[in-house]
Amino acid sequence: MIRLKQITKTYHRGKVDTEVLLGIDLHVKAGEFLGIMGPSGSGKSTLLHILGLLDRPSDGSYLLDGSEVADLNDDELARLRNAKLGFVFQAFHLLPKATALDNVLLPFTYAGRYPKDAVAKAEKALERVGLGHRLTHRPGEMSGGECQRVAVARALVNDPEVIFADEPTGNLDQRSSLEVMALLQGLNQEGRTIVLVTHDSSVGCMCGRMLRLIYGKVASDEPVENPVRAQEQIGLEAGGAD
Amino acid sequence: MILPYRLLKAALGSLWAFRSYAALMMIGLVIGIASLTVIHEIGEGAQKMVGDRMASMGFGANAFYISAGGGKLGVRHGMKRTMTLTPEDAEAIGRLDGVDQVVPHKNVARTQISAGGRHTNTRVRGTPPGWAAARNWTVQQGRFVNLRDLVTFNRVAVLGTTVARELFGGAIPVGKRVRIGRTPFTVVGVMDSKGSFGHRDRDDFVIVPFTTATKRLARDDKLNGMRVMLVSSDRVGEIKAEVTDVLRERHNLAPGVPEDFLIITPDELMQFITRQSRSLVAMLTFISAVSLFVSGVVIMNIMLVAVSERSYEIGVRRAVGARRRDIMYQVLMESLIVAAAGGLCGLGLGVLLSYLATILLNIPTAFSPMGFAWALGFSAGVGLLFGLAPARKAALLHPVEALR
Ligand SMILES: Nc1ncnc2c1ncn2[C@@H]1O[C@H](COP(=O)(O)OP(=O)(O)OP(=O)(O)O)[C@@H](O)[C@H]1O
Ligand SMILES: [Mg+2]
């Protein structure tokens, strides 16, 4: 699915060059749930943006589904983002003045062909994240957890192969974090590849595999033993509260 | 290319989110387009009024007018005219081949006219019987001056409706006695109303027989002018030249001496009017073009600011798959919508202001299709032209930077 070879990223700001990624090798198979952790400034977001085709590496090779990303032009990258990838960000990144439904419909706007059942699909996606009753709410009228679930619905509405999440639980309380993680785990069980950046080790141990970045280099890369199931945690919490 | 309807929806959605900016952007354009519209409506109204006036002066294609005094059309206003045209000149012209009829008139200085205890000041004009027909003026009550009045220097008067109203109120004037200056007259008719022309009341006059005016009121027989009606419209230029020769000879003008009369043909008058209004319209169009340019620059700058403030939205759209050109089209569409909305508002405001100018200030206006086309064309053009830079800026935003 994803194969990186010696990916580097250097930011040029004036005369100062910041080397952020110093040669990343990575192979992610379809259906994996990859977690990325590391200290602040280690290049996690930078790597995720490159993986998600939002940014280009300075050097190295990135094969996505067998095609070399460097050979694709910006329009083709946009096309791939729209058709194959989904994003969930720490700050939700919803359109503030648009309703939940319109936010979830947004990917279809750029889908080349607007599906006839777009609204039905979007409603289904919102139902799946438990927001079937919040279709006409705007981000300002929803809690952070609900906003992030709208973002998840938007990420999954186009039936993507890979979902990228950059600290999706960073702004959420325990309960909402678990709900979002349960959704991502569910999507992973359907066979979708998930790449998730987090600071939170309790979130990290819900991934299937953990990549640790330090100073732009891979420090470790190993499977997670017995990943925690978020859905069960929700059940436990509910039980504990009674 | 994303579907136009989706594009429109995206643009409208973003505009709605930034509606205070949109309103700010529209203000300049509304003002610019409104003034453009008013300009055109006033121009159109003036043109229409002049056309009406020419028609009411009997300016058909087969007539011209000889005015006393020399000079050139349009530069004689307020100048004292030499009064050398005589009834004999009129007769001599009437004898020329191709001339059907000559209708002279003699203006008497504004004079007091009174009846019973009431009086008013008005223009008194002496005319032959053919004058009303030559001008397409019609009688509302009674009759016009006739031939018998002319040969007997009859003291009869035909009133304009303003004079009739001021002297007699609602009563019927025909048959009543009036005094023009100190001379008694009998009212024999009242003309139909012609309405006003700008600030000039065209019903404020009294007509008396031509001979009565020259012999009893003005006490000189110099004409103010005469209308020359031709048999056909083919030989206007030729006959004009003949008339010039006849008058120069009769007035003993040596070669090189400028004429003491002015012949105005309908063609020349029309050319004069259109030349005048053309330069007026050109000037006003220039002014509104400048104001529209300024509003375009305002739109551009506000949009540029809005693009920076909205970089977040643009980043979100890019992340879910919008291409650079999708963003560019959207921003262009937005500026086009704002401009078109501003243009339509300006058009509406302009029409309203023109209407108010007509009913409150008595300035003639008329709906101008040209003004309409200019307004729409200009606003769309401004929207597209000045939307380009913001659209480019938006399209060039890097998705990651935009989301920061
Ligand atoms: N556009 C840029 N120009 C210059 N330097 C940049 C730019 N973007 C990121 N950096 C630098 O790159 C380094 C890595 O940034 P990145 O956002 O990938 O870190 P991170 O691992 O996601 O950190 P955090 O956990 O705080 O989110 C940082 O030192 C940052 O200052
Ligand atoms: Mg980060």
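Here is how names work: the chains are called A, B, and so on, in the same order as the sequence lines, proteins then strands, and each is numbered from 1.
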Checking heavy-atom separations under 4.5 Å from chain B, one finds in residues 62-77 of chain A A:D74, A:D75
Close contacts, residues 85-96 of chain A versus chain B, judged by heavy atoms under 4.5 Å = A:F87, A:F89, A:A91, A:H93, A:L94, A:L95, A:P96
B:E313 versus A:K97: any side-chain heavy-atom pair under 4.5 Å?
-> no
Taking the side chain as every heavy atom from C-beta outward, state whether A:R154 and B:V316 have any pair of such atoms under 4.5 Å apart.
-> yes
[atom1] of [X]: more than 12 outside heavy atoms within 6.0 angstrom?
X	atom1	result
B:Y355	OH	no
B:F293	CZ	no
A:R128	CZ	yes
A:K84	NZ	yes

With sequence neighbours excluded, tell me which residues meet ring pair (Phe, Tyr, Trp, His ring centres under 6.0 Å) with A:Y11.
-> none
Not counting sequence neighbours, which residues clear ring pair (Phe, Tyr, Trp, His ring centres under 6.0 Å) with A:H49? List them please.
-> none
Which atoms form the tightest heavy-atom contact between B:A322 and A:A78, and what is the distance?
-> O-CB, 3.8 Å
For chain A, the option from B:E401, B:R317, B:R318, B:R324 that forms the most heavy-atom pairs under 4.5 Å | B:R317
Which value, rounded to the nearest 0.5 Å, describes the distance between A:R56 atom CZ and B:H398 atom NE2?
-> 9.0 Å
Picking from A:L54, A:D102, A:L105, which has the most non-hydrogen pairs under 4.5 angstrom with chain B?
-> A:L54
